[in-house]
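Convention: sequence-line order gives letters A, B, ...; per-chain numbering from 1.
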2 protein chains.
Amino acid sequence: MAAGGAAKLRIPQPKSRAGPVVAVRWRMGRFLSTFQGRLDSKGRVSLPAAFRAVLEADGHPGVFLHPALEQPAIEAGGNRLLAEIDGLIGRFPPYSEARDLMATALLGQAEIAKLDPEGRLTLPERLKAHAGISQSLVFVGLGEKFRIWAPEKFTAHLEEATSNLRAVRAGLSRSG
Amino acid sequence: MAAGGAAKLRIPQPKSRAGPVVAVRWRMGRFLSTFQGRLDSKGRVSLPAAFRAVLEADGHPGVFLHPALEQPAIEAGGNRLLAEIDGLIGRFPPYSEARDLMATALLGQAEIAKLDPEGRLTLPERLKAHAGISQSLVFVGLGEKFRIWAPEKFTAHLEEATSNLRAVRAGLSRSG
DNA sequence: TTGACGCCCAAGTTTTCCCATGTTAGCCCA
DNA sequence: TGGGCTAACATGGGAAAACTTGGGCGTCAA
């Protein structure tokens, strides 16, 4: 369900930096776990309280949303996600076509959804269409960001993710 | 039954003032031994005091939980377990598909259970289902983390593990 | 005028907190 | 060394707080 047939951009890898940064990150709130939600008659969904708390700590007004690059899902987050996107785009040479493509895909298609006083948000039609969401949906925490899926699509994706994890684990135990 | 309500598989806990001594000798607290527990009418279980102490030393607010990959059990722990998972995800570059898959499988399936003032926690339905837990359960220490099992499943698993271990040792004595 | 949007209110539930009580293990002392 | 005595634990419920949800209104703009 992931990499469609479309040609994939080769993403420049960041300089190796693993340890310390990671340790710091764990101190911050992360999006994790999955929650189900439903659009009400006005098209609103309440963002799970746990996610709301992470966003508030992050200090971003509203929720930053953009279509996931390779999945029929919406990616969402706050300042941390934005920073990561900036970093990703910044790794491509200025004025390169690849950079334009990335920026167009990630920023050009983005939206910012406001939360109402009860913590609900309304998903833009375009993004709902991209994710194939009609009434029910699931919020899936991925650490610095989260995704919004149509339940059926997520089920399939989760299977892929799980078998991928099994493969990685197997690889790890062989190599130590 | 009360304090000892968790009884059959019970193993003596550290004698009262032995706490600090234990910590010193083992350097870091580890989840050890097996305890039995029961969900009360509200679905709560009290985390064995010994495990609670390890979590507190670890400084994690609440208990990090996720389904065990290869077994019908719940894996649980604190910051140390989180760091391990973070390391696994951190091997992949941000915004790579591999990383998203890992995060989906590891973080998307995880939960954080808060402890109430009495040291009890409530297991999410999803995880109870994965482990086949209905009323009673066992906590099994594994050092840096612990597992939560349905008693019958654990018994079966233990038997299998034991015979596998015998096989391994037999192999060792033949070859070395 | 109609529709989209944001804010306010009013429930219905679920979670968390607080307190009381029954046990158990370790300690102190005759 | 046998009994209390006390500090910890484990539990059971009830009460309070936090979340979700479903609508009602007023405002702004096409």
Short side-chain N/O contact from Ser41(A) to OP1 or OP2 of dG22(D), under 4.0 Å: no

Identify which nucleotide among dG13(D), dT11(D), dC25(D) has an atom closest to any side-chain atom of Lys42(B), counting heavy atoms from C-beta outward. dG13(D)

Choose from dC8(C), dG23(D), dG13(D) the nucleotide whose nearest atom is closest to any side-chain atom of Glu118(A). dC8(C)

Closest of dC18(C), dC7(C), dG12(D) to the Pro117(B) side chain is dC18(C)

Is it possible for you to check whether Lys145(A) lies under 6.0 Å from the centre of the six-membered ring of Tyr95(B), through NZ or CZ, and within 45° of that ring's axis? yes

Rounded off to whole Å, could you give me the CZ-to-P distance for the Phe139(A) and dC19(D) pair? 15 Å

Counting side-chain heavy atoms from C-beta on, which of dA10(D), dG12(D), dG24(D) comes nearest to Ala49(B)? dA10(D)

Toward the 5' end of DNA chain D, by each residue's nearest nucleotide, Asp116(B) or Leu47(B): Leu47(B)

Could you give the CD-to-P distance, from Glu56(A) to dA18(D), as a whole number of Å? 13 Å

In terms of ring plane angle, is the pair His157(A) and Phe154(A) parallel, tilted or perpendicular, where the classes change at 30° and 60°? tilted

Please walk me through it: do Phe35(A) and Phe51(A) pass ring-ring contact (aromatic ring centres under 6.0 Å, His included)? CA-CA 10 Å; Phe35(A) 302 84; Phe51(A) 286 9; 5.3 Å; yes

Does Arg120(A) make a side-chain donor-acceptor contact with the base of dG6(C), cut-off 3.5 Å? no

Please state how far atom CG in Leu137(B) lies from atom C1' in dA10(D), giving the value in whole angstrom units. 14 Å

Counting heavy atoms not belonging to Arg38(A), are there more than 12 under 6.0 Å from its CZ? no

Given dC19(C), dT20(D), dC25(D), identify the nucleotide with an atom nearest to the side chain of Arg52(A). dT20(D)

What nucleic acid atoms does Lys114(A) come within less than 4.0 Å of, heavy atoms only: base, sugar-phosphate, or nothing? sugar-phosphate

Glu125(A) CD - dG3(C) C1' separation (whole Å): 14 Å

Should the side chain of Arg44(A) and the base of dG23(D) be counted as holding a donor-acceptor pair, with the cut-off at 3.5 Å? yes

